[in-house]
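First comes the structure, then the notes that go with it.
Owing to the predicted nature of the structure, the values given are computational and were not obtained by experimental measurement. Note that the numbering runs from 1 along the sequence shown for the chain.
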Amino acid sequence: MSFYSTADYQLKSRLIKTDLTAIKICSHFIFAGIGNVLYVFDVIDKKCQVFTVLQKQRIHGIQFNAKSDLIAIYGNREIAIASFSNVDSEINLAIVSWWIVGDWICDVKWPKHPDELIILTANNIVSMWNWKNRTQSRLVRCHDKCLLFCGLILGTEWSDTIVMCGTMFRSILIWAPLRNTSGDTCDILHKLTGHKGAIFSVFYHEKSRRICSTSDDRSARIWLVKFSSEIMQTLEAWSKAEIIPQFSVYGHMSRVWKSFIFNDSRFVSAGEDSQLRVWTKNGKPLLTWETHQGASIRSLDVCEKLNVIATGGKDGGISLWPLHVDNKNVEIAFSDELNFKHTRDVPRRLILAKSGNLLTTTNEGKLLVYSGATWQYVHSDHRFSSYCLFEISPSKTYFSWASLRGDVKIFEETRSKSFVTVIFDDRICIGKIFSLHWLTDIRFITCCADGKLEVFNLNSNADRNQSKVGEYILPPCKERWLTSAVEFQNKIIVGDREGSIHVFSHGNVPSQTFRRIHGRLGVSGISCNNSTEFYSIGRDGFIRYWCNDSTSIEHMAADKLPVKWPVRVLSTPSHGLLVLGFNEINFEVWNVKERKKLFTCKCGGGHRPWDFIIDGKAQFVYIREKTVCSVLLPLNQLMKPTYLEGFHIRDTVCIRYLNENLIVSGGEDTTLRLSRVIPETRVFEPITIIRSHISSIRSITFLHVDDFILVVSAGGRAQLKVWKLIITGDTIKYSELASHMLKPSNKSRKPWINMIHTFELEPRHMDLQIEHSSKTDFLIYTAGSDAFWRVYTFSLTTKSLQLFKEIEYPNYCILKLVLVEWRSQKFLITFATDGRATFWDTNNDSITHQSSLHQSGINSYDYVMVDDHLVLVTGGDDTSLVATSFENNGTKIKATSQWRNASVHEAQISGIRVVGSHIISVGADQKVVLWQWELTHEKIRVDLKTFHHSFVPDIHGLDVSPSNKNVCVFGAGLEVFSINVDNQQIL
C-alpha cells in the first residue's frame, strides 16, 4: 500500500464490503472488483481467491487478453497487468506491471502485439502503451474535446481502431485515432443524438451490427449499423457506414447504467432502480428481475456458454440470473371421454405426488391420475362429491379426502397399475369437516363444527377410537376453523381464519394465543425449518419468525413481503426459505433471504386449485377454466442462488461488535443485520436480516445479561426497540422484546376521520446508552434531535418499555451521549450541535459543567480514565480532533489540558476510538488516521503516526473488536483494518 507513514506504523486493509464496481466472466471463472481487491470465483470447484490489485483506486474495469493469460485491471488513473493461472485447481494471480496514466480510464483494449495496450481516457484521448516498460508510444485526441462518461474500443490494431464514447452532452461519438486530419486531433466519423441525458454505457455487437446505449434519461436505445461492404472492421467501412436509430425502450424507473446484446439479438439493461430487464430484439419486454435487495446494479456481464447473466450491486453482492427462461403454460388435455368442458363433472382439486404424478379430484368424487402423458380414473366415491378437501402429507406419499358429512379417506401412492391404495376410511365426526392438515406423514388434524379439533395417527388396522390421539378446542371466533397447522417440539401450532396463532401443549385448550397477529384475513401457512424455529405467513403480507424458549413459544420478528397474498412457506436445501403466493393474476415464488423472485407464472390469480414442487425441477400446476395447466422449468433455468451475499443497500450508520467475529449493524435501509466477519480469511457472512424499524436506524447499544445479549436499536421516527439475542456456537436466536415510539403510528383503517393537522416535526433518536437498574430492569438513555435527552425503563419480566423522563437542552440537537462513573459519581455527558460537551448529574438532572470544544456539531467521541483524570477525545464538523483532560474534585469539574488538530482530516470527523495509548479517527474524507497519545504532568500530547485512505465512501463511524485486533470502518459499506508496528499487530 502507498500511504503517508511515520516510524514503522502501518494500517492494513483486511476485508472490504462495498460497491461491486466491475464484474467479468471468463471460462468458468467470475472476476469481481470490490474496492482495490479482485475476487476470483471458480464456478465448477466452488472456490474463491482474493487478490489486492490496485493501490489507491477502485477497480472499474477488467479486460482479458484472448491470446494469453494476461488481464488488464484498471480504475480511475491506475492500471495493473496481471498474469492469471489455474494449476491443479489452485488459482494464482501475479501483478507483472503497474502504472498511473494522466486521466480517468474509460476502456482498454488488447491489440495483436503482445506488449501493447490501447487506452481510452475521459478527455476523449486514445493512447498506445507498452505495458512492459510502461511507456506511451502514441497519443491522439478527438476533435471534440468533451468529457466522456463511458467508452468502448473496437478493433485489433492501431490502424483499425474505432472508438465509441458517450458524453455528458447526450451524444455518442464514433471516431478513429488513425484519422488525424488536423494535427494531433481526429475528426468525428459519426455523432449519434437522441438521448435526453448523459450517456452511461455503449455496447456494440459485431454479429448483429447493433449498438445499445443507456442514458440518464432512463432509456436504452438501439442503433443499427449499415455497412456498404462485408468487411466491417476497417476505418473505411466505418466512415461510409450509415447508423440508423431503431427504437428506444423505457422500463426503468431511474438511470440505466449498463447493457449487453446477446447473440440472438435480445438485449439486457441494468439500472439504478435495481431492475435487470431482458428485451426482445424488437424492444418488447421479456423478463424483469429486481436484484440486490433493491440496490443499484453497478456492473454487468453475460456468458452465453454458461447460460448466466452476472450482476454486481451497490450492496457488494454478486447475483447470477438465467439467460434463457422458458416457462410457457402447457395445457394438459383430457381425452374425449374425460372432457369436462361441457359436463357438470369438473376438476376441483389437484396435487403433485412424490413420484411426479399429477392427481386431481372431480366434482363427482372421482380421482384421476396423470401419468405417462395420459389421464386415468383410479378411484370413485360419491360421498366426496360436491365437497371434498384434498390434502397431501409432507413427504407427498399419502393424501387424504374429507367430506361434508365427516368422512375421511386416506390414500397411499403405489407403483401398481391402480396407482393408489386406500389405507384409512372412516367417519370421524358428524357434520362438515372444515379443514384437514397433515402434521407429519403419520399424523393429521381435522377441524369440525364449533372449533372441535381432533388429531389422528395413521393406522390402517385400527378403528377410529384407537387412531385418535388428541382432542382440542379452538377458541371462539367469527369463522371458527383452521387454515394451517404444524407439529413443533411436541406442541401443535395452528393458525385460524381470524389471523390468530394458537399453541396446544397440554390440555384441550391453547396454552398460548397470539390473537390476530396476522390481521383479520387469516393465517395462510405455517412451516417448520428445523427443530428450533418455525415460520408463519398471513394475508397481511407478513412472514413471522418463531422459536421455542424452554417452555413457551416466542415471536422473534416479522418481515413484510412483496407478495400481496402469501399462501405457503417452503424450505428447500438449494434455494433456502421460499414463500409461494400471488400478486394479482401472477403466481410467484419468492426467496426470503435474497429477496428476489425465483419463478413467476401468469395463472389468473389465487382463487383456484394449485400445487408447486421443487425437487430436481420446478413444476407449477393449476386449474383454469376447467382445464389443468402445467408449467415445468428445469432448475438451471430457475433463479440461481446469490454468489456473493450483499450488505446494507444504503449507508450503514452504526456497527457494534458483539464478539470477535460477530457484528450487528443498522442503516438507512431500516434493516438491522447480524453478520459474521473474519478478516483473517476475508470471510463476510450475513446471518440474518431483521426488518422491523419503520425508519433509519441511527444507533445500537447492547449489554451482556446472563446467557444472552440485550440489544437496543433506535433511530428515525423516535422508534426504540429492544431485542434478545442468544448465541450458542454457530446458532443465533433473536426475538423482539419491546418497541416504543414517542408518536405511535396511526394504524386506523380510516385515518382521515378525526385527523388533526400538525406541523410539529418528528424527532429522531441520535444515540443510545444502557445500564442495569436491577437484575431484570434497565435504564436506556437516548439523545434526541429535538434537543431532549430521555430516559426509558425496560423490564425483562414484563417486557415493558416506557418513557421515564425527558430533559431539555434548549435549542440544539443532541448528537451523542455517554454515561461515565467518576469518583463515586455518575455523569451523563451530552454532545450537541453547538460544539459543547455538557456534564449532567444523573441524580438531579442538573448541569455541573460545560466545555466548548468545537465550533459546530460534535459527531464522535471516546474517553478513558487516567488516574483521577477523564481524558475526552472528540471529533466534529469543524474537522478538528480535540483531546481534553478534566479533573473532578467532588464538587467541581474543570478542564486542565487540551490538544487540538484541524489539519489532518479534510472533512468532518465521524468516528473516534481510544485503544490503549492509541487514538483512531475516521472522517467523511475517507481517511483512517492513527495517533499516539499520552498524559504526563496533566498535559496531553498527541502525535500523528499514520493514515490510510479507505475505499468506503460516506464514512459514518468505526468500532473496534473486543480483542482490539481489528478496526471496522463503516459507511456505504464496511472495511476492516489491522494496525501493525514493525509487522507486528498492536491492536
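Note that OG of S699 is 8.0 Å distant from CG of L817, once rounded to the nearest 0.5 Å. Here C528 contributes atom SG and I493 contributes atom CD1; the two are 7.5 Å apart, rounded to the nearest 0.5 Å.
When each of S692, S713, S739 is checked for a side-chain hydrogen bond (donor to acceptor under 3.5 Å, both in side chains) with W723, only S713 meets the rule. The only member of R691, K721, K724 that meets salt bridge (charged side-chain N to carboxylate O under 4.0 Å, His left out) when paired with E736 is K721.
Under the 6.0 Å cut-off for aromatic ring centres, Y535 and Y545 qualify, their centroids lying closer than that. Residues F504 and H506 keep their aromatic ring centres 6.0 Å or farther apart. W546 has its ring centre less than 6.0 Å from the ring centre of F514.
In summary, K593 and E645 engage in a salt bridge, as defined by a charged side-chain N under 4.0 Å from a carboxylate O. In summary, D845 and K805 engage in a salt bridge, as defined by a charged side-chain N under 4.0 Å from a carboxylate O. A salt bridge between D559 and R595 is present, with a side-chain N of the basic residue lying under 4.0 Å from a carboxylate O of the acidic one. In summary, R913 and D959 engage in a salt bridge, as defined by a charged side-chain N under 4.0 Å from a carboxylate O. Salt-bridge annotation for R516 and E498: present, with a side-chain N of the basic residue lying under 4.0 Å from a carboxylate O of the acidic one.
Here the side chain of Q293 pairs a donor or acceptor atom with the backbone of F647 at under 3.5 angstrom. The backbone N or O of R520 sits nowhere less than 3.5 Å from a side-chain atom of H518 that would complete a donor-acceptor pair. Checked by atom type and distance alone, the side chain of T776 never pairs as donor or acceptor with a backbone atom of T797 at under 3.5 Å.
Between V871 and Y863 the shortest side-chain heavy-atom distance does not fall below 4.5 Å. Residues I694 and M741 meet the side-chain proximity criterion, which asks for heavy atoms closer than 4.5 Å. With contacts defined as side-chain heavy-atom distances shorter than 4.5 Å, the pair L474/V494 qualifies. Under the 4.5 Å side-chain criterion, counting only non-hydrogen atoms from C-beta, L779 is not in contact with I770. Proximity of Y657 to C968: side-chain heavy atoms (C-beta onward) are separated by under 4.5 Å at one or more points.
At a cut-off of 3.5 Å, with distance as the only test, a side-chain donor of S851 or H849 sits close to an acceptor on the other residue.
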Item to complete: Output, in order, the C-alpha distance, side-chain angles, deciding distance and verdict of side chain to side chain contact (heavy atoms under 4.5 Å, CB included) for H648 and E668.
Response: CA-CA 8 Å; H648 288 277; E668 295 285 355; over 6 Å; no
Worksheet entry | side chain to side chain contact (heavy atoms under 4.5 Å, CB included) evaluation trace for Q802 with Y792 | CA-CA 5 Å; Q802 296 179 342; Y792 294 82; over 6 Å; no
Worksheet entry | Worked verdict on I553 versus K491 for side chain to side chain contact (heavy atoms under 4.5 Å, CB included) | CA-CA 9 Å; I553 297 296; K491 298 179 178 68; 4.1 Å; yes
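Ring planes of H772 and F778: tilted class, angle from 30 to 60°. A perpendicular orientation is assigned to the rings of W840 and Y809, their planes being inclined by more than 60° (bins at 30° and 60°).
Other residues, nucleotides and ligands contribute only 12 or fewer heavy atoms inside 6.0 Å of the CG atom of D730. Taking a 6.0 Å sphere around OH of Y812, one finds it holds 12 or fewer heavy atoms contributed by other residues, nucleotides or ligands.
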